[in-house]
Protein chains: 2
Amino acid sequence: MSEPAATGSGRREVTVSDVAAAAGVSKATAARALGDYGAVSDAVRDRVLGAADRLGYRPNALAKTMSTGRSNTLGIVVGDIENPFFAQATRGAADVAAAAGFDLILSNSDEDLETEAKAIGVQLAKRVDGLLVAAASSVETQNLRTVIDAGRPLVLFDRTAQGVEADSVIAANRSGARELTSLLVDAGHRQIAFISTTTHPADAFARTDVLPTSSVAERVEGFLDAMTAGGIEHPERHVHLNARREGVERMATRLLTGADPVTAIVASDSLIALGVFRAARELGLQIPRDLSLVAFDDADWTGVATPGITVMAQPIHEIGAEAAELLIRRVRGDGRPPVTRVLKQHLIERESVAPPSR
Amino acid sequence: MSEPAATGSGRREVTVSDVAAAAGVSKATAARALGDYGAVSDAVRDRVLGAADRLGYRPNALAKTMSTGRSNTLGIVVGDIENPFFAQATRGAADVAAAAGFDLILSNSDEDLETEAKAIGVQLAKRVDGLLVAAASSVETQNLRTVIDAGRPLVLFDRTAQGVEADSVIAANRSGARELTSLLVDAGHRQIAFISTTTHPADAFARTDVLPTSSVAERVEGFLDAMTAGGIEHPERHVHLNARREGVERMATRLLTGADPVTAIVASDSLIALGVFRAARELGLQIPRDLSLVAFDDADWTGVATPGITVMAQPIHEIGAEAAELLIRRVRGDGRPPVTRVLKQHLIERESVAPPSR
DNA sequence: AAACGGGTTGAGACCGGTCTCAACATAACC
DNA sequence: GGTTATGTTGAGACCGGTCTCAACCCGTTT
């Protein structure tokens, strides 16, 4: 009497109706038993669940979303998942999401506004319940407005955005940069370069310029703070952007071999620091004797390189986790005004800072 | 006459019907214009598109999937997105997917069968068109069968699975391990440990044991090949598994300080190598004088650590990309028998190998 | 003038769930 | 015994798209 197990391939999916028919009940009742809602007698429930099992029923989450309007899915848009910073933040968010019963859809923006727009469009089309975004630009915020206009909760992480009514979770970048730079200034350096891959239309950086990435903008502020406090004039000229265009190693080489070479570098992230480190080695320069180097993010290599690199560690995992928590709260209906959470960074001193040799 | 732009929040989504009404055409016609299929006169199309724009229409991808049966979405299940290997493979897959118009849904399995089952269940419920999986186990394959039974194309990457009818993309791990180990044997080492975090029920490893992760199993084979070729007897006793349970650093410390300390270590991945590197430093051992170390994967740090670590680099990006390509081909209806693509690894010799000092 | 053909359009079923509402059975109460 | 409460079930609308099919318009052909 028992039927053969579901076999073959390519055949139609088993639906609630199929299960209902097999169990000899109505579709509504079968749905109640399968979806675990409403009232169903124990006998019927067993019968339905048995039939479902026998037929190999798998619920269709999309159909469910269609009728309930909730997908139990969050979207996350990062610059590049290959970047350890984003990988860690994503993991932090994924864990919180999973614990709360949410799935995660991931997209890369490549830090490009158009790609970001496409990614956000896809996420909205998939009716995510809310969106986590490391905004490609803190200034051009139309992509973010799209999310808000669509009525979807939005939480920004790592970067804020001007005039966008959304929660954000960021690190205390300005004070972090200040502290990091002070280390160099206090060691006696005057020729200190700040390097970032953030794009900037002008060749030179001016104090009033607005940078597209708020986290970098804040680090630049902190850098300038410390430089100014150290009595260094016109510190803006030591800010070097667009490092991706020129190539980090090339830029570092240029700064280290020019007419007025730098004796210390603040790297805006660990990938940049890696480029600088390689360039220095290539040039035969010894850290910290010939060059002092500090950076953001406690990447793997910074601890095992020789010498160890002094870094400002960020609570990356927490940034992602906290952002996901805020988002889930919004999804669940929290209507309080937007908040900005600022997480502390902490200094890990290693051996990459010394007084300048010239 | 012009209406106010779509405003407010929380209101119903704009649907095809709304657009149709605003444009004064039927739902069917509006859908044709919006979905760019079927025949629509230019005049009507303009009218519909104009109305859609005015109302802020955003298509509902779920509804589309419901009626077409296609989601244009691939699922990917990795061990842990924070692991650079998986991050890179994911990126490779994401790029290929995006280029072909597919989105990606990501899940972490934590290398755990139950978590993997849940992840795959979610992906299937979301009706992904196909699934990319780095199987948590190459032996217990019920989770993978679930995918096949559901009639969804499946492509495995990094690891194969016994008796599962699916394409796979892996690296030539056995020959890679052989080459890596030979370096040590040829340098004169006899006490060489192979370390992996792969789980294994027994305390000791026996040649006939089947390991849960095929990539590691193959590396062990290659290791044994080279050890045997080098005339080392009972090389199995040098295979150390379950490193996660004990802790990599702890295990390395134990192996380096025991009664019969090892003089060389083959690390099954870069994370393990990092643990070994740290343990060695902690013990005051110098690489390569006191310990020779080789590993899989050309992680960032292996190039900048002192000394540089000799590694077997894998084409990680390509593994992900190739897997996605195969999957998309399957999704599009390719019915050829399953293939296994084996990608070459290549050796990067640095300074972490020297003859044993004892 | 009738028949034919292509281009356009609309009505309505369908995908697979949820959910409202009414119908009915049975038990509890007065 | 009648009324009310409670539990269980089924019919059918609904979510927002796609798609089939029939109807219609208008120009051509015979």
Side-chain angles (χ1 to χ4, degrees), chain A residues 11-49 51-52 55-73 121-122 124-129 150-151, chain B residues 11-49 51-52 55-73 121-122 124-129 150-151:
Chain A
R11 82 275 113 186
R12 233 182 89 267
E13 309 273 349
V14 178
T15 71
V16 173
S17 297
D18 298 332
V19 175
V25 299
S26 74
K27 181 182 162 195
T29 299
R32 273 187 285 255
L34 293 169
D36 202 28
Y37 62 91
V40 195
S41 68
D42 291 350
V44 169
R45 189 196 324 278
D46 289 351
R47 202 137 45 88
V48 171
L49 264 33
L55 298 180
Y57 170 74
R58 308 205 131 264
N60 182 327
L62 304 184
K64 182 171 188 165
T65 299
M66 285 290 296
S67 52
T68 60
R70 298 227 15 205
S71 61
N72 277 304
T73 302
V122 167
L124 291 178
K126 287 208 191 306
R127 294 304 189 258
V128 293
D129 288 336
Chain B
R11 81 276 114 184
R12 237 182 83 268
E13 309 272 350
V14 177
T15 72
V16 173
S17 297
D18 297 333
V19 174
V25 299
S26 74
K27 182 182 161 195
T29 298
R32 274 188 284 256
L34 293 170
D36 203 25
Y37 61 92
V40 195
S41 68
D42 291 350
V44 169
R45 187 194 326 279
D46 289 351
R47 203 139 44 89
V48 171
L49 264 34
L55 298 181
Y57 170 74
R58 308 205 132 262
N60 183 327
L62 305 184
K64 181 169 188 165
T65 299
M66 284 290 297
S67 50
T68 60
R70 299 223 18 201
S71 61
N72 276 304
T73 302
V122 167
L124 290 178
K126 287 206 191 307
R127 295 302 188 260
V128 294
D129 289 336

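Here is the naming used below: chain letters follow the sequence lines, and residue numbers restart at 1 for every chain.
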Checklist line | Sequence-distant partners of B:Arg58, side chain to side chain contact (heavy atoms under 4.5 Å, CB included), two or more places apart | finding: A:Leu124, A:Thr146, A:Ala150
Item checked: Rounded interatomic separation in angstrom, taking CG from B:Asp18 and C1' from D:dC14 -> 14 Å
Next item on the list: May I ask you to verify if any side-chain N or O of B:Ser26 is less than 4.0 angstrom from the OP1 or OP2 atom of C:dA11?
Entry: no
Checklist line | Heavy-atom donor-acceptor pair, B:Asp129 side chain to B:Asn72 backbone, under 3.5 Å | finding: yes
Item checked: Taking every non-hydrogen atom, the tightest pair across B:Val16 and B:Tyr57 -> CG2-OH, 3.5 Å
Check: In chain order, what residues pass the side chain to side chain contact (heavy atoms under 4.5 Å, CB included) check against B:Thr15, with sequence neighbours excluded?
Finding: B:Arg12, B:Ser17, B:Asp18
Check: Should B:Asp42 and B:Arg45 count as side-chain neighbours, where that means a heavy-atom distance under 4.5 Å?
Finding: yes
Notebook entry, point to check: What integer distance in Å separates A:Met66:CE from D:dC14:C1'?
Noted result: 9 Å
Notebook entry, point to check: At what angle, to 10 degrees, do the two end axes of the helix from C:dA1-D:dT30 to C:dC30-D:dG1 meet, given five pairs define each axis?
Noted result: 60°
Item checked: Nucleic acid footprint by protein, nucleotides 18-23 of chain D - heavy-atom cut-off 4.0 Å, B for base, S for sugar-phosphate alone -> BBB---
Next item on the list: Would you check if the side chain of B:Ser71 reaches a backbone N or O of B:Arg127 as a donor-acceptor pair within less than 3.5 Å?
Entry: yes
Notebook entry, point to check: Between D:dG17 atom P and B:Glu13 atom CD, what is the distance in whole Å?
Noted result: 9 Å
Checklist line | Proximity to DNA chain C (any heavy atom under 4.0 Å), residues of residues 39-47 of chain B only | finding: B:Ala39, B:Val40, B:Ser41, B:Val44
Check: At under 4.0 Å between heavy atoms, what does A:Arg58 touch on the DNA or RNA strands: base, sugar-phosphate, or nothing?
Finding: sugar-phosphate
Next item on the list: Ignoring hydrogens and angles, state whether a donor on the side chain of A:Lys126 or B:Thr73 is under 3.5 Å from an acceptor on the partner side chain.
Entry: yes
Next item on the list: Grab the CG-C1' distance between A:Asn60 and D:dG17 for me, whole Å please.
Entry: 14 Å
Could you give the side-chain donor-acceptor pairs of residues 22-34 of chain B under 3.5 Å, partners two or more places apart or in another chain?
unit_1, atom_1, unit_2, atom_2, d
B:Ser26, OG, B:Ala28, N, 3.4
B:Ser26, OG, B:Thr29, N, 3.2
B:Ser26, OG, B:Thr29, OG1, 3.2

